[in-house]
Amino acid sequence: MAHWLMKSEPSVWSWTQQVEAGAKGTFWNGVRNHQAKQCLMAMKKGETAFFYHSNEERAVVGIVEIIKTFYPDPTDESGKFGMVDVRAKKPFKKPAPLTAIKGETALAKMVLVTNSRLSVQPVTDEEWRIVCAMGGL
DNA sequence: GCCAACGTTGGC
DNA sequence: GCCAACGTTGGC
């Protein structure tokens with residue numbers, strides 16, 4: 001099963017809001033980048049993704065689960081992009097900050113490190129395991 | 001708030 | 001089809 005990482009600015013959509021959305025979850029819209037779109041399209045129901053707070057916080061704060069696969073984003077006028085639905089699965093006991101991720105040599109190839117601007121990205125099994133451990137899981 | 005990195009747009 | 005200009009993202 002594949003793993004992912006999804007970024008959000010906490011001032012726009014935060015982990016707290018994701019948790020409040022509950023088991024029903026919410027749609028993850030606003031992706032307007034083809035690489036990110038490819039990732040969204042590759043996601044399968046039941047797969048898991050890190051929830052990363054960008055900008056103000058810069059840390060992985062929890063895990064979300066994909067509950068609905070790729071479908072068109074009604075807010076995209078071009079009709080090219082789409083979104084998935086996610087629900088909060090598990091919070092990190094403590095956030096795994098970007099600085100810690102960058103300081104770990106085994107994570108040097110993480111997309112978060114090599115292509116910081118990509119908003120939805122794949123995570124390898126090993127990276128998943130290490131970052132979960134950082135988060136106290 | 002600044003700026004580097006990247007993606008997109010548009011003129012040629 | 002190339003590339004300069006511009007806009008956006010996100011780390012610092």
Side-chain angles (χ1 to χ4, degrees):
Chain A
M1 196 133 80
H3 300 295
W4 311 93
L5 181 145
M6 303 171 90
K7 280 199 251 186
S8 183
E9 292 188 38
S11 56
V12 177
W13 181 254
S14 70
W15 171 252
T16 308
Q17 288 173 290
Q18 186 68 59
V19 170
E20 283 168 2
K24 288 204 316 281
T26 52
F27 51 86
W28 191 281
N29 73 342
V31 169
R32 294 293 181 272
N33 171 285
H34 289 285
Q35 256 186 292
K37 180 195 166 185
Q38 290 308 116
C39 293
L40 289 179
M41 291 178 74
M43 289 176 177
K44 298 194 186 77
K45 203 174 168 181
E47 287 183 341
T48 45
F50 288 134
F51 191 111
Y52 176 82
H53 275 168
S54 66
N55 287 321
E56 302 99 286
E57 190 176 351
R58 270 166 283 127
V60 176
V61 291
I63 295 171
V64 293
E65 179 185 350
I66 314 302
I67 53 172
K68 185 173 178 182
T69 52
F70 192 82
Y71 61 103
D73 179 349
T75 68
D76 172 31
E77 288 174 17
S78 75
K80 288 182 196 162
F81 296 100
M83 57 201 193
V84 298
D85 283 5
V86 298
R87 68 172 177 88
K89 188 176 188 191
K90 207 169 194 186
F92 270 19
K93 290 205 179 76
K94 58 189 173 78
L98 181 64
T99 49
I101 289 169
K102 287 196 161 176
E104 174 60 63
T105 46
L107 297 177
K109 290 202 182 122
M110 246 187 114
V111 181
L112 191 65
V113 177
T114 59
N115 185 3
S116 62
R117 291 193 52 201
L118 187 59
S119 59
V120 183
Q121 42 183 269
V123 173
T124 68
D125 290 345
E126 191 191 4
E127 289 161 357
W128 183 265
R129 194 171 46 75
I130 296 170
V131 177
C132 280
M134 279 181 176
L137 300 183

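The basis for the numbers below is simple: all heavy atoms, side chains too, and nothing from hydrogens, waters or symmetry mates. Chain letters run A, B, ... following the sequence lines, proteins first, then strands; residues in each count from 1.
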**Request:** Rounded to the nearest 0.5 Å, what's the gap from CE on M83(A) to CZ on F70(A)? Could you check?
**Result:** 9.5 Å

**Message:** How many whole angstroms separate atom CG of N115(A) from atom C1' of dG11(C)?
**Reply:** 13 Å

**Asked** Between K7(A) (side chain) and S119(A) (backbone), is there a donor-acceptor pair under 3.5 Å?
**Response** no

**Message:** Pairing donors with acceptors under 3.5 angstrom, does anything connect the side chains of W4(A) and Q121(A)?
**Reply:** no

**Asked** What's the CE-P distance between M6(A) and dG10(C), to the nearest Å?
**Response** 13 Å

**Message:** What's Q35(A) touching, base or sugar-phosphate or nothing? Going by heavy atoms closer than 4.0 Å.
**Reply:** sugar-phosphate

**Complete:** Readout for nucleotides 1-9 of chain C: B = base within 4.0 Å of protein heavy atom, S = sugar-phosphate only, - = neither; 5' to 3' it is -------BB

**Request:** Over 60° means perpendicular and under 30° means parallel, so classify the ring planes of F50(A) and W128(A), tilted if in between.
**Result:** parallel

**Prompt:** Does any pair with a residue in residues 59-76 of chain A pass salt bridge (charged side-chain N to carboxylate O under 4.0 Å, His left out), and if so which ones, sequence neighbours excluded?
**Reply:** R32(A)-D73(A), R32(A)-D76(A), E65(A)-R87(A)

**Request:** Please report, rounded to the nearest Å, how far the P atom of dG11(C) is from the CG atom of L112(A).
**Result:** 7 Å

**Request:** Please test F51(A) against W28(A) for ring-ring contact (aromatic ring centres under 6.0 Å, His included), starting from the C-alpha separation and ending with a verdict.
**Result:** CA-CA 11 Å; F51(A) 191 111; W28(A) 191 281; 5.5 Å; yes

